[in-house]
Amino acid sequence: MTEMLVLPFYVVMDVSYSMTQASQNSDGSVRAPIESGNDVVKEVKIALEESPLLSDKVRFSLIDFADDAQVVIPMCDLTTVSPQDIPTLTARGGTSYAAAFTLLKRQISQDVAQLKADGHKVHRPAVFFLTDGETTDDDPVWKNAFQALTDSAFKERPNFIPFGVAQAKKATLDQLVFPQGKMRSFIQQNPNDAANGIKAMAEILIGSIVGSVTSFSEGSESGAFMLPEPEEDEDVWL
């Protein structure tokens with residue numbers, strides 16, 4: 001049987017208490033960022049269900065983090081998950097980047113090994129990391145954890161695309177781009193419109209899934225992971 005190439009996508013979502021702070025968004029709605037965070041998986045699921053080509057090749061996992069990190073949706077074919085079985089993100093604690101990076105590294109190793117055991121060839125994972133603020137870790141702690149995640153010694157090191165809303169700082173997010181020069185960070189212009197910023201992140205994630213899958217031919221590794229740029233007139237991201 002021919003091995004099928006699959007592309008693992010991870011969404012790593014900040015669920016610290018600040019994500020519950022609702023504000024009036026640019027469209028007049030009042031919504032907390034975590035509410036939009038809960039829509040991301042549903043929107044990805046719809047996009048995958050609309051295209052058999054996508055669902056055949058994409059594997060998806062959701063991780064959330066605060067003071068600690070946990071796997072909310074294990075690596076799977078998201079089209080097989082019933083809507084009622086999609087967990088609801090709930091806020092807790094602070095913002096430990098290190099907890100997220102450490103769990104992510106361990107999980108990627110396990111997931112890639114399992115996908116291979118299931119008979120798949122596995123493309124380098126893509127991580128979409130969303131935060132609404134600065135980490136509560138000391139600099140050496142989160143930087144060392146990120147270095148371990150992206151070090152050349154870690155064969156399964158992922159493409160890493162950070163997104164920032166609310167009080168997140170671009171100077172920090174730019175340090176989380178990997179590989180540098182190939183991926184990029186996204187930072188929201190309007191810090192009071194975090195809920196709509198997360199919605200825009202979901203659109204970029206789906207665009208990346210579609211672009212990446214279509215760049216691969218069946219059973220071939222000649223394609224490439226695709227990260228769409230925002231539209232020129234889009235004012236959500238810098």
Side-chain angles (χ1 to χ4, degrees), residues 10-41 43 62-70 72 88-104 126-147 149-150 158-178 180 183-205 208 227-231 234-238:
Y10 292 84
V11 169
V12 181
M13 185 78 65
D14 186 342
V15 294
S16 57
Y17 281 125
S18 56
M19 289 282 285
T20 63
Q21 296 177 2
S23 61
Q24 184 168 346
N25 301 310
S26 58
D27 61 2
S29 63
V30 177
R31 205 172 195 221
I34 200 167
E35 294 180 68
S36 288
N38 276 311
D39 290 339
V40 171
V41 176
E43 293 178 19
L62 175 66
I63 291 173
D64 73 13
F65 72 97
D67 290 327
D68 59 356
Q70 62 183 5
V72 181
T88 299
L89 297 172
T90 56
R92 63 183 193 276
T95 310
S96 174
Y97 288 6
F101 302 154
T102 300
L103 175 62
L104 184 60
V127 175
F128 286 71
F129 177 86
L130 186 284
T131 184
D132 74 336
E134 295 291 282
T135 180
T136 49
D137 300 318
D138 292 335
D139 277 0
V141 174
W142 71 262
K143 288 181 178 180
N144 287 340
F146 188 71
Q147 173 62 31
L149 175 65
T150 57
N159 295 307
F160 200 96
I161 305 98
F163 291 76
V165 298
Q167 303 306 310
K169 296 181 180 178
K170 192 172 190 303
T172 301
L173 296 182
D174 284 346
Q175 297 178 65
L176 301 180
V177 174
F178 186 84
Q180 290 284 335
M183 299 298 110
R184 61 162 292 183
S185 66
F186 293 81
I187 189 77
Q188 190 179 24
Q189 287 183 341
N190 182 358
N192 297 318
D193 199 6
N196 279 332
I198 295 172
K199 181 179 179 181
M201 184 205 79
E203 294 171 354
I204 293 171
L205 167 60
S208 178
L227 181 64
E229 293 287 333
E231 298 294 333
E234 184 176 340
D235 61 2
V236 175
W237 305 102
L238 288 175

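Put simply, the side chain of N38 never gets that close to the backbone of T88: no donor and acceptor are under 3.5 Å apart. T20 contributes a side-chain N or O that, together with a main-chain N or O of Y17, makes up a donor-acceptor pair within less than 3.5 Å. Between the T95 side chain and the T136 main chain, no donor and acceptor come within less than 3.5 Å of each other. Under a 3.5 Å cut-off, the side chain of E35 and the backbone N or O of A195 do not form any donor-acceptor pair. Side-chain atoms of D14 come within 3.5 Å of backbone N or O of S16 as a donor-acceptor pair.
Residues V141 and A98 share a closest heavy-atom pair of CG1-CB, 3.7 Å. What you find for R184 and P162 is that their closest heavy atoms are O-CD, 3.7 Å. Between T102 and A145, the shortest heavy-atom contact is OG1-CB, 4.0 Å.
Side-chain contact between P158 and L149: present, with at least one pair of heavy atoms (C-beta onward) separated by less than 4.5 Å. Contact of the L130 side chain with the V11 side chain is not registered, since no non-hydrogen atoms from C-beta on lie closer than 4.5 Å. I198 is listed as a side-chain neighbour of M19, based on a closest heavy-atom distance under 4.5 Å. Contact annotation: the side chain of Q167 never approaches that of D132 to less than 4.5 Å [non-hydrogen atoms, C-beta and beyond]. Considering only heavy atoms from C-beta on, L205 stays 4.5 Å or farther from E43 through its side chain.
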Begin from the C-alpha positions of S96 and D67 and carry the test side-chain hydrogen bond (donor to acceptor under 3.5 Å, both in side chains) through to its verdict. CA-CA 5 Å; S96 174; D67 290 327; over 6 Å; no
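Remark: F65 CZ to L104 CG distance equals 10.5 Å, nearest 0.5 Å. Separation of atoms CD (Q188) and CG (D193) is listed at 5.5 Å; rounding is to 0.5 Å. Rounded to the nearest 0.5 angstrom, N144 CG and D139 CG are separated by 10.5 Å. Between atom CD of residue Q175 and atom NZ of residue K169 there is a gap of 11.5 Å, rounded to the nearest 0.5 Å. Separation of atoms CG (L89) and CG (D39) is listed at 10.0 Å; rounding is to 0.5 Å. E134 contributes atom CD, which lies 7.5 Å from atom CG of L173 (distance to the nearest 0.5 angstrom).
Of the candidates F128, Y10, F101, F160 forms a ring pair (Phe, Tyr, Trp, His ring centres under 6.0 Å) with just one, namely F101. The ring pair (Phe, Tyr, Trp, His ring centres under 6.0 Å) with F129 is formed by just one residue from the set F163, Y97, F178; it is Y97.
No hydrogens or angles considered: a donor-acceptor pair under 3.5 Å links the side chains of S185 and D174.
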